[in-house]
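Data first, discussion second: the structure below is written as structure tokens.
Each chain gets a letter, A, B and so on, in the order the sequences are listed, and its residues count up from 1.
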Amino acid sequence: MPGVTRAKLAAAAGRGEGTGDAARDEAARAALEAWFARVARDLPWRRTRDPYAILLSEVMLQQTRVETVVPYFERFLARFPDVRALADAPVDDVLSLWSGLGYYRRARGLHLAAREIVARYGGRVPAEASDLRSLPGVGAYTAGAVSSIAFGRREPLVDGNVARVLSRLDGLEEDPKSAAGARRLWETAARLVPDREPGKWNEALMELGATICAPRDPRCGDCPLRAVCRAHRDGREAELPVVRAKKASPRVRVVAAVVLHEGEVLFARRAEGGLFGGLWEPPMVEAPGLSAARAALAVAGLPIEGVRLRSAGRVRHVLSHRDLDVLVVHGVARDRPVVPSVLAGAYERAAWRAPDAEGFGTSTLARKVLALALGGG
DNA sequence: AAAGCGGGGAC
DNA sequence: GTCCCAGCTTT
């Protein structure tokens, strides 16, 4: 790293505490930028300058690991290569490409955002963070990311990685999830983001958090910021950032009914807004057993009263806030029940489909249920 | 401030 | 098993 000697970094680290040391900040910028230029991963969204592709990547990356997103990003972009293609698509097609990625509200939000970008911005992704922030599914992080990375605007961002890196770098004691802690982090990020290539800087901060400044056992020996890091200086890497304990997910008993007729399965579409909103699945309800489930499905309007159902086994599906214990039952309908156009409860409508049909969204849970019920024949 | 919202990878 | 990920929205 030209111009950045260990001695300079060490001198900068000892000068002042917390804020207000421009020389230390500059040393950190130089060190991190040099490091990033050397080790930056080759990721598909780093090969483009298309703001739409970058917006897509940032939405997919919300609470989702880089390695998980890569194949989804490639498929989605191939199917919807620009804002207009996405805006013109049926929502079920969009959810189909999102299937398995999780947090499906993101897909619906992005779809609505594309339509808004066409309607209000002539099909061009806006560059201003405040304009981006007003799009559905775009919060402070995503707005800062798109504005800085795609448009070179000097906008800060704070994600989980940056929160950890900056908490350690400046020795910030507040809980990043608290209002005060978040405010402090955004102030710190805003202080550090440079005029020149702010997007690179933001990416470098995240890259450091993802590859070096890990939640547990950070590799401080390989860290370009170790000479200016307060937490490292004080031996407190393991204590920062402070994390508050999260509560366990309640266990919930669910019954899923896989009803077949001539090779097709009865699917129902979940109402948008809630869990798995907009996705299609074999009807399932929260119930302690089959008889209670039958009653609940009858109330919902699903026509399976006359179908003999037997157990195919259980599926466990863990979400961030629920731990689902799913009893999978299956059976063959003698004659095809007519599905009503409107359903009650969690489902809005139903249809018979081949289990591997395309063009609509399904959750990983739905795929597990189908695999168990149909896997053996 | 807290809860709802998926799924998976690393340990 | 636990932790948490390039978070956003609603209550």
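Remark: Arg196(A) engages Glu33(A) in a salt bridge, criterion side-chain N to carboxylate O under 4.0 Å. A salt bridge links Glu207(A) and Arg46(A); the closest N-O separation between the charged side-chain nitrogens and carboxylate oxygens is under 4.0 Å. At a threshold of 4.0 Å, the pair Asp131(A)-Arg120(A) does not count as salt-bridged, since none of the basic side-chain nitrogens sits closer than that to a carboxylate oxygen. Using a 4.0 Å cut-off between charged side-chain N and carboxylate O, Asp325(A) and Arg253(A) make a salt bridge. A salt bridge is absent between Glu173(A) and Arg184(A): the closest approach of a Lys/Arg side-chain nitrogen to an acidic carboxylate oxygen does not fall below 4.0 angstrom.
When the options Tyr104(A), Trp98(A), Phe360(A) are evaluated for a side chain to side chain contact (heavy atoms under 4.5 Å, CB included) with Leu279(A), the one that passes is Tyr104(A).
Residue-level contact check: Gly100(A) touches the backbone only, with heavy atoms under 4.0 Å from sugar-phosphate atoms and none from bases. Among the protein residues, Trp98(A) comes within range of no part of the nucleic acid, since none of its heavy atoms lies under 4.0 Å from any strand. Counting any heavy atom pair closer than 4.0 Å across all strands shown, Arg270(A) reaches no nucleic acid atom. Within 4.0 Å of Thr364(A), counting heavy atoms only, lie sugar-phosphate atoms of the nucleic acid but no base atom. Among the heavy atoms of the strands, none lies under 4.0 Å from Leu110(A).
For the OP1/OP2 pair of dT9(C) and a distance below 4.0 Å, the side-chain nitrogens and oxygens of Tyr103(A) include no atom meeting the criterion. Within the structure, a side-chain polar atom (N or O) of Arg322(A) is placed less than 4.0 Å from OP1 or OP2 of dG4(B). Checking the phosphate oxygens (OP1, OP2) of dG6(B), no side-chain nitrogen or oxygen of His317(A) falls inside 4.0 Å. Under 4.0 angstrom from either OP1 or OP2 of dG7(C) there lies no side-chain N or O belonging to Gln62(A). Dashed line: the shortest gap from a side-chain N or O of Lys246(A) to OP1 or OP2 of dC4(C) is not under 4.0 Å. Between Arg133(A) and dT9(C), a side-chain N or O to OP1/OP2 separation shorter than 4.0 Å is present. Close to dC5(C), at under 4.0 Å from its OP1 or OP2, lies no side-chain N or O of Thr68(A). Taking side-chain N and O atoms only, Ser363(A) has no distance below 4.0 Å to OP1 or OP2 of dG6(B). Regarding contacts with the backbone of dC5(B), a side-chain N or O of His321(A) is found under 4.0 angstrom from either OP1 or OP2.
Counting to the nearest Å, the P atom of dG6(B) and the CG atom of Leu365(A) are 11 Å from each other. Whole-Å rounding puts the Leu157(A) CG to dC5(C) P distance at 14 Å. Straight-line distance from the CG atom of Leu112(A) to the C1' atom of dC8(C): 14 Å, rounded to whole Å. Following rounding to the nearest Å, Leu275(A) (CG) and dG6(B) (C1') show an atom-to-atom distance of 8 Å. The interatomic distance linking Asn161(A) (CG) with dC3(C) (P) rounds to 18 Å, in whole Å. The interatomic distance linking Arg244(A) (CZ) with dC4(C) (C1') rounds to 15 Å, in whole Å. The distance between atom CZ of Arg367(A) and atom C1' of dG6(B), rounded to the nearest whole Å, is 13 Å. Protein atom CG of Leu279(A) is 13 Å distant from nucleotide atom C1' of dG7(B), rounded to whole Å.
Comparing atom distances between the Lys247(A) side chain and each of dA3(B), dC8(C), dC5(C) picks out dA3(B) as nearest. In the set dG7(B), dA6(C), dC11(B), dC11(B) carries the atom at the smallest distance from any side-chain atom of Arg216(A). Here the nucleotide nearest the side chain of Arg46(A), chosen from dA1(B), dC4(C), dA6(C), is dA6(C). Nearest nucleotide to the side chain of Leu61(A), out of dG7(C), dG6(B), dA6(C): dA6(C).
Between Ala180(A) and Gly102(A), the residue whose closest nucleotide on DNA chain B is further toward the 5' end is Ala180(A). Comparing Glu67(A) and Val138(A) by the nucleotide of DNA chain C whose heavy atom lies nearest to each, the residue mapping closer to the 5' end is Glu67(A). Nearer the 5' end of DNA chain C, as judged by each residue's closest nucleotide, is the contact made by Ala210(A), out of Leu135(A) and Ala210(A).
Looking at Arg106(A), its side chain has no donor and acceptor atom pair within 3.5 Å of the base of dC8(C). Contact of Arg65(A) with dC4(C) (side chain to base): a donor-acceptor pair of N or O atoms is detected under 3.5 Å.
Side-chain contact between Trp45(A) and Leu61(A): present, with at least one pair of heavy atoms (C-beta onward) separated by less than 4.5 Å.
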